[in-house]
Amino acid sequence: MLLTWVIVPFLFFGAFARFVHREGCGGHRRGSECCIWYEILDDIQAHLFDGGECGEDAHEALRLTFHDAFAYSPRHHVYGGADGSVMAHESEQHHAANEGVRDIIHAERPYALKYGVSFGDMIQFAGAVGASNCLGGPRIPFFSGRANYSHAAPEGLLPSPFDSPDKIIGRMRDAGFSPRELVALLASHSVGAQETVDPNKAGAPLDSTPGAFDGQFFLETMTKTSPDGVFRLQSDHALARDSRTICAWQAFINDHASMVSEFETVMTKLSLLGQDKSSLTDCSDVIPVPRAHGHREHDHHLKPVAFQHGDSYEDVEEWCPDMELPKIAPGHPPRAKIPPVPKS
Ligand code: HEM
Ligand SMILES: *[C@@H]1O[C@H](CO)[C@@H](O)[C@H](O)[C@H]1NC(C)=O
């Protein structure tokens with residue numbers, strides 16, 4: 001009798017779980033390699049990203065894709081790339097550049113272990129899902145099947161916000177990225193904040209709209225001053241004025257379609273550094289289609305990029321010499337101080 005009470009619910013839930021599993025498999029054959037990612041998707045959206053938000057964890061998950069993958073340098077004979085090494089090796093987590101991603105590494109790691117997926121896959125998957133939660137965000141393709149084996153990456157391959165454009169552009173070239181691709185990658189700074197550069201301003205966003213994947217970041221780094229409460233990285237400031245990057249920078253201000261599509265392309269390349277794409281399975285269908293409209297009352301449609309109050313064309317320090325000026329509306333970033341991104 002007791003046994004029945006124990007077993008019956010198990011049978012019931014077992015059957016239910018299998019049913020959900022099949023339903024949640026997005027048209028993939030059960031047992032196909034992509035199936036598991038639908039389960040992980042539901043789990044991380046509910047628990048890691050607090051119900052599918054573009055909050056602190058989503059920002060950090062996106063950043064972590066870069067910190068894992070960019071440990072790739074032909075010049076230094078380092079070929080690990082997007083191999084999960086930053087999650088596997090504590091020594092790598094203690095590199096100064098990884099200080100701001102330790103929390104998200106520890107938050108993602110249990111999901112990789114729970115579902116038996118490799119650390120490299122987990123990092124790229126969570127980053128793509130996190131980015132898709134942002135208003136107007138990208139849908140970054142996801143390939144599954146990276147090996148779980150890795151070596152700890154050597155220190156010094158990740159750019160610092162105090163590096164010169166020469167150094168950053170040179171390091172990007174080493175890893176196979178052009179200056180334009182660098183600018184496209186930096187669209188990621190439109191959804192995020194800083195914690196560690198100035199701990200007294202922890203949570204200060206890198207643009208006035210950290211929940212939206214928009215061109216506001218590119219404009220706000222070109223003007224003399226940033227909106228109150230927004231934090232400008234020295235590297236972003238310099239790249240917004242460098243002859244090799246200024247034109248792409250300016251072009252992305254109000255060309256959301258190119259900003260998103262070039263970001264998706266270059267993020268795909270980043271996520272495959274050190275990997276053989278032909279041995280991976282394309283599970284891109286699992287990545288949610290980002291919303292173009294807010295789902296909560298206070299986030300609205302993706303707005304056209306606009307100057308902060310009081311600013312106009314004269315407040316941009318330098319324009320690209322051979323391009324028409326973009327059309328930019330006057331002031332939507334609120335006059336009030338932009339609040340920090342809350343800890344999640
Ligand atoms: C190229 C040179 C780059 C430099 C110097 C740089 C530097 C930084 C720094 C210093 C922060 C603030 C971190 C903190 O204090 O917590 C940051 C945030 C961020 N970075 Fe970069 N970054 C670069 C490229 C990239 C790339 C290629 C990506 C692509 C995924 C990326 C994604 C992010 C994101 C999403 C955040 C926000 C993180 C958060 O809100 O917690 N960055 N970056
Ligand atoms: C991946 O490697 C870690 C050790 O670095 C291990 O704990 C984990 O179980 C491995 N995962 C898989 C799927 O093999």
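Just so you know, ligand 1 is whichever comes first in the structure, and atom 1 is the first atom listed for that ligand.
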- Query: Is H47 atom NE2 crowded by more than 12 heavy atoms from other residues, nucleotides or ligands, each under 6.0 Å away?
  - Reply: no
- Over 12 non-hydrogen atoms of neighbours within 6.0 angstrom of CD in E90: no
- Tell me which protein heavy atom sits closest to atom 13 (C) of ligand 2, plus the residue, atom name and distance to 0.1 Å. G116 O, 3.4 Å
- Query: Can you tell me the protein heavy atom closest to atom 9 (O) of ligand 2 and the distance?
  - Reply: L113 CD2, 3.7 Å
- Query: Would you say N148 and ligand 2 have an N/O pair spaced under 3.5 Å apart?
  - Reply: yes
With the side chain counted from C-beta on, respond yes when [X] and [Y] share a heavy-atom pair under 4.5 Å apart, and no when they do not.
{"X": "D236", "Y": "W249", "value": "yes"}
{"X": "I253", "Y": "M222", "value": "yes"}
{"X": "R244", "Y": "P165", "value": "yes"}

- Item | Test of ring centre spacing under 6.0 Å for H151 and Y149 | yes
- Proximity of F213 and F263 rings by center, below 6.0 Å: yes
Could you list, one pair per line, each nitrogen or oxygen of ligand 1 together with any protein nitrogen or oxygen closer than 3.5 Å, giving atom names and the distance rounded to 0.1 Å?
| unit_1 | atom_1 | unit_2 | atom_2 | d |
| --- | --- | --- | --- | --- |
| ligand 1 | 15 (O) | E195 | N | 2.8 |
| ligand 1 | 15 (O) | T196 | N | 2.7 |
| ligand 1 | 15 (O) | T196 | OG1 | 2.7 |
| ligand 1 | 16 (O) | E195 | N | 3.1 |
| ligand 1 | 20 (N) | H189 | NE2 | 2.9 |
| ligand 1 | 22 (N) | H189 | NE2 | 3.0 |
| ligand 1 | 40 (O) | A193 | N | 2.7 |
| ligand 1 | 40 (O) | A193 | O | 3.2 |
| ligand 1 | 42 (N) | H189 | NE2 | 3.0 |
| ligand 1 | 43 (N) | H189 | NE2 | 3.0 |

- Message: Does only the side chain of F119 get under 4.0 Å from ligand 2, or the backbone, or both, or neither? Count heavy atoms.
- Response: side chain
- Query: For K114 and E39, what are the C-alpha separation, side-chain angles and deciding distance, and is it a salt bridge (charged side-chain N to carboxylate O under 4.0 Å, His left out)?
  - Reply: CA-CA 11 Å; K114 176 174 173 188; E39 289 183 44; over 6 Å; no
